[in-house]
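This report refers to the structure that appears directly beneath it.
Keep in mind that this is a model prediction, so the values were computed, not measured. Throughout, residue positions are numbered sequentially from 1 according to the sequence presented. One-based numbering, in listed order, for ligands and for the atoms of each.
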Amino acid sequence: MKKVMVVFGTRPEAIKMAPVVKALEAVPVLETVVCVTAQHREMLDQVLELFRIVPRYDLDIMKERQDLFDIATSVLSGFREVLLKERPDLVLVHGDTSTTFFGALSAYYLQIPVGHVEAGLRTRNKYSPFPEEINRTLTGQLADLHFAPTEWSRSNLLAESVPPEKVWVTGNTVIDALLQTVNPEHVFTPELDGVDFSRRILLVTTHRRENWGEKLMQVYLALLDILESFPDTLVVFPVHMNPVVRDLAYRVLGDHPRIKLIEPLEYADFANLMHRSYLVLSDSGGLQEEAPSLGKPVLVLRDTTERPEAVEAGTVKLVGTSREVIRDTACRLLSDREEYDKMARTANPYGDGKASLRIRDIILDYFKL
Ligand code: UD1
Ligand code: UDP
């Protein structure tokens with residue numbers, strides 16, 4: 001029997017680790033222990049509930065308007081206790097949050113092997129996305145097993161001298177979660193009452209730290225421009241709980257009759273809403289992976305992306321945060337059917353929905369079980 005501790009703290013990590021937890025829990029020769037930092041609270045709990053995951057440990061670290069030092073110190077001190085008590089044979093972390101890096105660092109301090117799920121994504125710009133580029137690069141230095149979603153992410157790790165026998169291309173587990181969740185029969189929760197599905201829905205999310213302030217302001221002004229030009233459109237914007245984002249979103253967009261600002265949606269609602277949308281505008285990482293497999297065009301409100309595969313596949317366009325560029329690109333997609341159809345093609349650069357089963361098998365091999 002080997003003990004695997006699965007660690008995560010935010011909404012996207014939880015969505016992407018949920019299929020891994022389920023795959024590992026089904027193996028009798030593994031003891032799977034879930035430890036959440038709860039760097040996010042409500043947004044994490046929505047996912048735990050949906051996937052019926054019961055953490056053995058919940059560090060409950062989230063504080064209102066926490067900064068990067070708050071997260072770093074509370075994750076490190078919280079994990080020390082848990083790891084010393086449980087002494088797992090492997091710690092699995094995901095992606096690029098502060099929970100990821102400080103979770104991996106804690107395991108390293110106790111010389112516990114680390115597996116990194118969604119390894120090898122890079123922009124090579126340490127401030128974009130910030131602090132995720134450094135979180136994932138340093139986690140890559142600490143990890144013993146690297147689960148790269150694509151060949152490109154594998155090649156990034158090899159370029160950093162990670163031994164090839166420690167890197168596996170598995171696909172991205174977000175596709176596993178998505179395929180388990182999108183369902184044409186889905187019944188939306190009351191949060192979406194009043195959404196007029198006969199209009200073309202522009203699904204919007206924003207949260208990136210490097211966009212806070214003036215850049216987000218430009219994005220929001222662009223949304224107002226787009227609505228002005230196309231009376232048949234409706235913006236649905238589940239607003240991230242970060243007060244920095246909320247304050248600006250409600251101030252600039254709160255009064256518009258065709259903007260529905262709502263609370264973060266539980267994943268089943270969100271994934272199915274994406275499926276019913278016309279266009280996605282977002283600075284999120286995960287949406288760049290999900291939307292292509294639903295054939296939904298995404299305008300990425302960022303200057304860099306660590307996910308070039310979807311750009312190459314044609315479903316995702318990097319538009320940055322200029323009001324004019326966002327407005328002009330969106331307006332073209334709303335008025336030119338041919339342009340729209342060129343982007344709205346299903347592409348699956350991130351996998352076939354079996355990434356978590358591959359990760360499970362690699363872990364069993366690693367333990368020679
Ligand atoms: C974090 C991650 C980012 C990831 C994003 C996904 C870091 C440094 N940032 O950014 O990589 O892409 O999550 O969403 O690891 N809040 C709540 N309730 C919640 C969640 C957040 O109230 O359920 C509020 C709190 O005031 C909190 C603030 O949002 O202090 C910021 O949360 P934090 O995790 O620090 O940063 P995010 O911007 O969410
Ligand atoms: N998501 C969700 N509810 C929402 C908005 C997003 O469940 O209201 C999901 C989305 O489908 C994706 C993930 O949350 O899987 C993305 O989270 P976020 O944008 O916060 O983080 P990132 O992917 O940028 O790290």
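Checked by atom type and distance alone, the side chain of R41 never pairs as donor or acceptor with a backbone atom of A38 at under 3.5 Å. Judged by distance alone, with hydrogens and angles left aside, the side-chain atoms of N211 form a donor-acceptor pair with the main-chain N or O of L301 at under 3.5 Å. The main-chain N or O of E133 is never found under 3.5 Å from a side-chain atom of D96 such that the two would form a donor-acceptor pair. Between the side chain of T100 and the backbone N or O of T97, at least one donor-acceptor pair lies under 3.5 Å. Under the 3.5 Å distance criterion, the side-chain polar atoms of K296 are matched with a main-chain donor or acceptor of S277. The backbone N or O of A268 lies less than 3.5 Å from a partner atom in the side chain of E266, making a donor-acceptor pair. With Q288 contributing its side chain and S284 its backbone, the two residues share a donor-acceptor pair below 3.5 Å. The closest donor-acceptor contact from the side chain of R200 to the backbone of D232 lies at 3.5 Å or more, if one exists at all.
The protein heavy atom nearest to atom 25 (O) of ligand 2 is P12 CG, 3.4 Å. Closest to atom 32 (O) of ligand 1, if we only count protein heavy atoms, is Q66 NE2, 3.5 Å. Among protein heavy atoms, atom 9 (C) of ligand 2 sits closest to I15 CD1, 3.6 Å. Here the heavy atom of the protein found nearest to atom 26 (O) of ligand 1 is R65 N, 3.0 Å. The nearest protein atom to atom 24 (C) of ligand 1, hydrogens excluded, is given as M241 O, 3.6 Å; this is a heavy-atom distance. Considering only non-hydrogen protein atoms, atom 27 (C) of ligand 1 sits nearest to K63 O, 3.7 Å. Nearest protein neighbour of atom 4 (C) of ligand 1, counting heavy atoms only, is H207 CE1, 3.9 Å. Nearest non-hydrogen protein atom to atom 38 (O) of ligand 1 is N242 ND2, 3.3 Å. Shortest contact from atom 2 (C) of ligand 1 to any protein heavy atom: Q39 NE2, 3.8 Å. The protein non-hydrogen atom at the shortest distance from atom 18 (N) of ligand 1 is E42 OE1, 2.8 Å. In terms of protein heavy atoms, atom 23 (O) of ligand 2 is closest to G286 N, 2.7 Å. Atom 20 (O) of ligand 2 has R11 NH2, 2.9 Å as its closest protein atom, hydrogens excluded (heavy atom only).
Numbered from 1 in the order shown, with element, the atoms of ligand 1 that lie under 4.0 Å from a heavy atom of L68 read 8 (C). Each of the atoms 8 (C), 36 (O), 38 (O) of ligand 1 lies under 4.0 Å from some heavy atom of R209. Taking a cut-off of under 4.0 Å to the non-hydrogen atoms of E132, the atoms of ligand 1 that pass are 3 (C), 9 (N), 11 (O), 12 (O). Heavy-atom proximity to M43, at under 4.0 Å, picks out these atoms of ligand 1: 19 (C), 20 (C), 23 (O). Within ligand 2, the atoms closer than 4.0 Å to a non-hydrogen atom of G285 are 22 (P), 23 (O), 24 (O), numbered from 1 in the order shown. Every atom of ligand 2 with a heavy atom of L287 under 4.0 Å away is listed here by number and element: 10 (C), 12 (C). Below 4.0 Å from some heavy atom of T10 lie the following atoms of ligand 1, by number and element: 13 (O). Each of the following atoms of ligand 2 lies closer than 4.0 Å to a heavy atom of S284: 16 (C), 18 (P), 19 (O), 22 (P), 23 (O), 24 (O). Interface of I71 with ligand 1, defined as ligand atoms under 4.0 Å from a residue heavy atom, comprises 35 (O). Within ligand 2, the atoms closer than 4.0 Å to a non-hydrogen atom of L265 are 2 (C), 3 (N), 4 (C), 7 (O), 8 (O), numbered from 1 in the order shown. Those atoms of ligand 2 that come under 4.0 Å of a heavy atom in P264, given as number and element, are 8 (O). Ligand 1 places these atoms under 4.0 Å from at least one heavy atom of P12: 6 (C), 14 (O). Against a heavy-atom cut-off of under 4.0 Å, P243 is close to the following atoms of ligand 1: 24 (C), 26 (O), 29 (O). When each atom of ligand 2 is checked for a heavy atom of E290 under 4.0 Å away, the hits are 10 (C), 11 (O), 12 (C), 15 (O).
Across every non-hydrogen atom of T205 and S282, the tightest pair is OG1-OG, 2.7 Å.
Residues E263 and E42 fail the side-chain proximity criterion, which asks for heavy atoms closer than 4.5 Å. Side chains of F101 and I71 form no contact here, defined as non-hydrogen atoms less than 4.5 Å apart. In this structure, E118 and E13 have side chains that are not in contact, with every pair of non-hydrogen atoms separated by 4.5 Å or more. The shortest distance between side-chain heavy atoms of V4 and F367 falls below 4.5 Å. D283 has its side chain within reach of H207: a pair of non-hydrogen atoms, C-beta onward, lies under 4.5 Å apart. Here the side chains of P113 and Y366 are in contact, with some heavy-atom distance below 4.5 Å.
Between R208 and ligand 2 there is a heavy-atom distance shorter than 4.0 Å.
Summarising the contacts of atom 37 (P) of ligand 1 with R136, H40, R11, the nearest heavy atom is found in H40. Nearest to atom 17 (C) of ligand 1 by heavy-atom distance, out of M62, R41, Q46, E64, is M62.
Counting non-hydrogen atoms of other residues, nucleotides and ligands closer than 6.0 Å to NZ of K354 gives a total of 12 or fewer. Atom OH of Y109 is surrounded by 12 or fewer heavy atoms from other residues, nucleotides or ligands within 6.0 Å. The number of heavy atoms from other shown groups lying within 6.0 Å of NE2 (H275) does not exceed 12. Residue Q111 places its CD atom among 12 or fewer non-hydrogen atoms of other residues, nucleotides or ligands, all under 6.0 Å distant. The local environment of CD in E228 is sparse, with at most 12 non-hydrogen atoms from other residues, nucleotides or ligands closer than 6.0 Å.
Using a 4.0 Å cut-off between heavy atoms, T10 makes no contact with ligand 2 at all. Contacts of Y267 with ligand 2, taken as heavy-atom pairs under 4.0 Å, involve both backbone and side chain. No part of M43 comes within 4.0 Å of ligand 2, judged by heavy-atom distances. Neither the backbone nor the side chain of T99 comes within 4.0 Å of ligand 1, counting heavy atoms alone.
In terms of polar-atom proximity, defined here as any N/O pair under 3.5 Å, H207 does make such a contact with ligand 2. For T97, no nitrogen or oxygen atom sits less than 3.5 Å from a nitrogen or oxygen atom of ligand 1, counting backbone and side chain alike. An N or O contact shorter than 3.5 Å is missing between W212 and ligand 1 by distance. For ligand 2, the polar-atom distance check against P238 finds no nitrogen or oxygen pair separated by under 3.5 Å. Taking distance alone, with nitrogen or oxygen atoms compared against 3.5 Å, H240 approaches ligand 1 more closely than that limit. Of the N or O atoms in N135, none lie within a sub-3.5 Å distance of an N or O in ligand 1.
The aromatic ring centres of F197 and F188 sit less than 6.0 Å apart.
Residues L76 and M62 do not share a hydrophobic cluster, clusters being chains of Ile/Leu/Val/Met/Phe/Trp/Tyr side chains in contact below 4.5 Å.
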